[in-house]
Asker: 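One structure, as structure tokens, below. Some questions next.
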Amino acid sequence: MTRTVYVNGEYLPETEATVSIFDRGFLMADAVYEVTSVLDGKLIDFEGHAVRLKRSLDELQMAEPCTKDELLEIHRKLVELNDINEGLVYLQVTRGSDGDRDFVFPSADTKPTIVLFTQNKPGLADSPAAKKGAKIISIEDIRWGRRDIKTVQLLYPSMGKMMAKAAGCDDAWMIEDGHVTEGTSNNAYFVKDGKIVTRPLSNDILHGITRKAVLRMAAEAQMEVEERLFTIDEAKAADEAFTTSASAFVMPVVEIDGVSLGDGTPGPIAKRLREIYLDESLKAAI
Ligand code: PMP
């Protein structure tokens, strides 16, 4: 089946979809994105992603390409047209193109570019990777200072994943000024003596949609949560660790920089939070 994608108001076969070579997303990474997961053919936390998209656009003085209702309709139509039961919807909005390359933003009436496509991922919820748990390495965080804006500047996170792969691991956590910021594409947590510790929100990390939901669910389940800076050594000495993201939900971490956590298998709190998250999110999916 040829994938149907959405570009600037049109639903097209992926082979016919085009964007200008002068698009600022392409030339300057002047673009923001969201990834919403699909379970049981329904969107998980669409509202959270729509609100964060608006915030990213506002922070960069970028125009909204359409209303939230239109965005929901496009998401749903792509899920339906591509027959997605489990998978992802990728959305990108760029500052568009005024037909040339210039560091200065184009005039305010330049239309933003909007692109959406689906990724079919059978087995997303019942993931073998989550049963095994992830091995991570730590690397320096050399990204720019506005990580709270979800831009498409993903070269360093991409390099981080490659460094992890080269080390025989699955992912990397990044460290700045002696403290863990986040994973290359997820928020980072460790658990010690039953308490969940994660870095507080600031411009230094992405305000994860899954982070917000998981912290709420943890509190509802009477789990203790502390939001504070932490070091990689604290995480290495933890009973367990995990990451959260919209595409991998709650992912147990079983090894950090070659040090096994607990008995080297996914920890009970990470497993429980994954179950609760999947359960509750499915119930609320639209
Ligand atoms: N941090 C970074 C750097 C990310 O790329 C992501 C995934 N987009 C996250 C955290 C997790 O955010 P979310 O739960 O909204 O997917």
Side-chain angles (χ1 to χ4, degrees), residues 29 31-39 43-57 59 71 75 87-93 116 119 121 124-125 127 129-130 134 136-164 170-176 179-190 196 198-218 225 227 230 241-253 270 273-274 276-278 280-281 284-285:
V32 299
Y33 76 109
E34 284 295 330
V35 179
T36 303
S37 54
V38 177
L39 291 178
L43 300 163
I44 303 296
D45 213 339
F46 172 80
E47 178 68 22
H49 290 286
V51 168
R52 185 172 61 189
L53 173 67
K54 167 89 170 78
R55 180 179 182 277
S56 294
L57 292 170
E59 290 296 310
L71 213 52
H75 276 75
L88 306 171
V89 182
Y90 177 86
L91 152 74
Q92 182 169 327
V93 180
L116 286 93
Q119 292 181 291
K121 305 253 179 202
L124 191 65
S127 139
I136 61 148
I137 57 165
S138 60
I139 59 173
E140 195 189 342
D141 197 339
I142 59 166
R143 298 172 300 160
W144 80 323
R146 288 304 306 274
R147 303 157 194 157
D148 56 309
I149 308 173
K150 198 165 168 58
T151 74
V152 300
Q153 302 174 70
L154 296 175
L155 184 54
Y156 187 65
S158 194
M159 288 169 74
K161 294 249 193 224
M162 293 310 292
M163 288 183 240
D170 305 294
D171 206 352
W173 283 9
M174 295 176 280
I175 299 177
E176 185 174 60
H179 296 111
V180 174
T181 52
E182 57 189 334
T184 57
S185 61
N186 42 59
N187 291 115
Y189 311 72
F190 74 86
I196 301 164
T198 195
R199 189 180 176 105
L201 295 182
S202 69
N203 290 348
D204 300 334
I205 60 170
L206 187 73
H207 302 187
I209 302 304
T210 322
R211 178 188 185 281
K212 188 175 179 188
V214 164
L215 291 187
R216 174 173 50 78
M217 291 167 195
V225 177
E227 293 180 64
F230 65 94
F242 61 92
T243 62
T244 62
S245 67
S247 53
F249 316 119
V250 178
M251 174 63 66
V253 167
L273 280 174
R274 185 179 173 90
I276 298 174
Y277 178 79
L278 285 171
E280 300 266 315
S281 303

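Atoms within a ligand are numbered from 1 in the order they appear, just like the ligands themselves. Starting from 1, each residue takes its place in the sequence as its number.
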Asker: Touching ligand 1 at all, Asn187? Heavy atoms, strictly under 4.0 Å?
Answerer: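 Under 4.0 Å: yes for Asn187.
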Asker: Tell me: protein heavy atom nearest atom 14 (O) of ligand 1, and distance?
Answerer: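 So the nearest neighbour among protein heavy atoms is Thr210 OG1, 2.6 Å.
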Asker: Which residue and atom name correspond to the protein heavy atom nearest atom 1 (N) of ligand 1, and how close is it?
Answerer: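 That would be Glu182 OE1, 2.7 Å.
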Asker: Thr184 heavy atoms, cut-off 4.0 Å: which ligand 1 atoms fall inside?
Answerer: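 Answer, ordered by atom number: 3 (C), 5 (O).
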Asker: Within the 4.5 Å heavy-atom criterion, are Val89 and Leu43 side-chain neighbours or not?
Answerer: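 Yes; the side chains approach each other to less than 4.5 Å.
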Asker: Of the backbone atoms (N, CA, C, O) and the side-chain heavy atoms from C-beta on, which set of Ile205 has a member under 4.0 Å from an atom of ligand 1: side chain, backbone, both, or neither?
Answerer: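 The answer is neither.
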Asker: Closer than 4.0 angstrom: is that true for some heavy atom of Leu154 and an atom of ligand 1?
Answerer: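 In this structure, Leu154 fails to qualify as a contact of ligand 1 - no heavy atom is under 4.0 Å.
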Asker: How long is the gap from CZ on Arg211 to CG on Asn187, to the nearest 0.5 Å?
Answerer: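 Reported to 0.5 Å precision, the distance equals 6.0 Å.
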Asker: Do Phe46 and His75 have their ring centres less than 6.0 Å from each other?
Answerer: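 Yes, ring centres under 6.0 Å apart.
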Asker: Are the charged groups of Arg199 and Glu182 less than 4.0 angstrom apart, N to O?
Answerer: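 Not counted as a salt bridge, because no side-chain N and carboxylate O are separated by less than 4.0 Å.
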Asker: Quick one: nearest non-hydrogen protein atom to atom 5 (O) of ligand 1, plus distance?
Answerer: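 So the nearest neighbour among protein heavy atoms is Ser185 CA, 3.3 Å.
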Asker: Between Tyr156 and Asp141, what is the shortest heavy-atom contact and its length?
Answerer: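 Shortest heavy-atom contact: CE2-CA, 4.3 Å.
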Asker: Would you say Thr36 and Leu88 make side-chain contact, with heavy atoms under 4.5 Å?
Answerer: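 A side-chain contact is absent here, since even the closest heavy-atom pair is not under 4.5 Å.
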Asker: Decide whether the shortest distance between a heavy atom of Arg52 and an atom of ligand 1 is less than 4.0 Å.
Answerer: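 It does, in that a heavy atom of Arg52 comes within the 4.0 Å cut-off of ligand 1.
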Asker: I need the contact type for Lys212 against ligand 1. Using non-hydrogen atoms and a strict under-4.0 Å cut-off, is it side chain, backbone, both or neither?
Answerer: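 Near ligand 1, Lys212 shows nothing, with every heavy atom at 4.0 Å or more.
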Asker: Determine whether any heavy atom of Lys150 lies closer than 4.0 Å to an atom of ligand 1.
Answerer: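 So Lys150 counts as touching ligand 1.
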Asker: In Å, rounded to the nearest 0.5 Å, how long is the span from CZ of Arg143 to CD of Glu176?
Answerer: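 Here the rounded value is 8.0 Å.
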Asker: Looking only at distances, can you tell me whether any N or O atom of Gly183, backbone or side chain, sits closer than 3.5 Å to an N or O atom of ligand 1?
Answerer: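 No, no N or O pair falls under 3.5 Å.
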Asker: Going by the order shown, which atoms of ligand 1 are within less than 4.0 Å of some heavy atom of Thr244?
Answerer: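 Matching atoms, with element in brackets: 11 (C).
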Asker: Kindly give the heavy-atom pair with the smallest separation between Ser245 and Thr210, and that separation in Å.
Answerer: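 Smallest heavy-atom distance, with atoms named: C-OG1, 3.0 Å.
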Asker: So does Glu59 pair up with Arg52, basic N to acidic O under 4.0 Å?
Answerer: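 Salt bridge between Glu59 and Arg52, a charged N being under 4.0 Å from a carboxylate O: no.
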Asker: Quick check on contacts: which atoms of ligand 1 are under 4.0 angstrom from a heavy atom of Arg143?
Answerer: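 Every atom of ligand 1 under 4.0 Å from some heavy atom of Arg143: 3 (C).
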Asker: Among protein heavy atoms, which lies nearest atom 16 (O) of ligand 1, and at what distance?
Answerer: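 Result for atom 16 (O) of ligand 1: Ala246 N, 2.8 Å.
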Asker: Please state which part of Ile209 comes within less than 4.0 Å of ligand 1, counting heavy atoms only: side chain, backbone, both or neither.
Answerer: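 For Ile209, backbone and side-chain atoms both sit under 4.0 Å from ligand 1.
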Asker: With a 4.0 Å cut-off on heavy atoms, does Met174 reach ligand 1?
Answerer: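 No, Met174 has no heavy atoms under 4.0 Å from ligand 1.
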Asker: Is there side-chain contact between Leu215 and Val225, with heavy atoms separated by less than 4.5 Å?
Answerer: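 Leu215 reaches Val225 side chain to side chain.
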Asker: Tell me the protein heavy atom at minimum distance from atom 12 (O) of ligand 1, and give that distance in Å.
Answerer: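 Minimum-distance protein heavy atom for atom 12 (O) of ligand 1 reads Gly208 CA, 3.4 Å.
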Asker: Parallel, tilted or perpendicular for Phe242 and Tyr189, by the 30°/60° rule?
Answerer: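 The rings of Phe242 and Tyr189 lie parallel, inter-plane angle below 30°.
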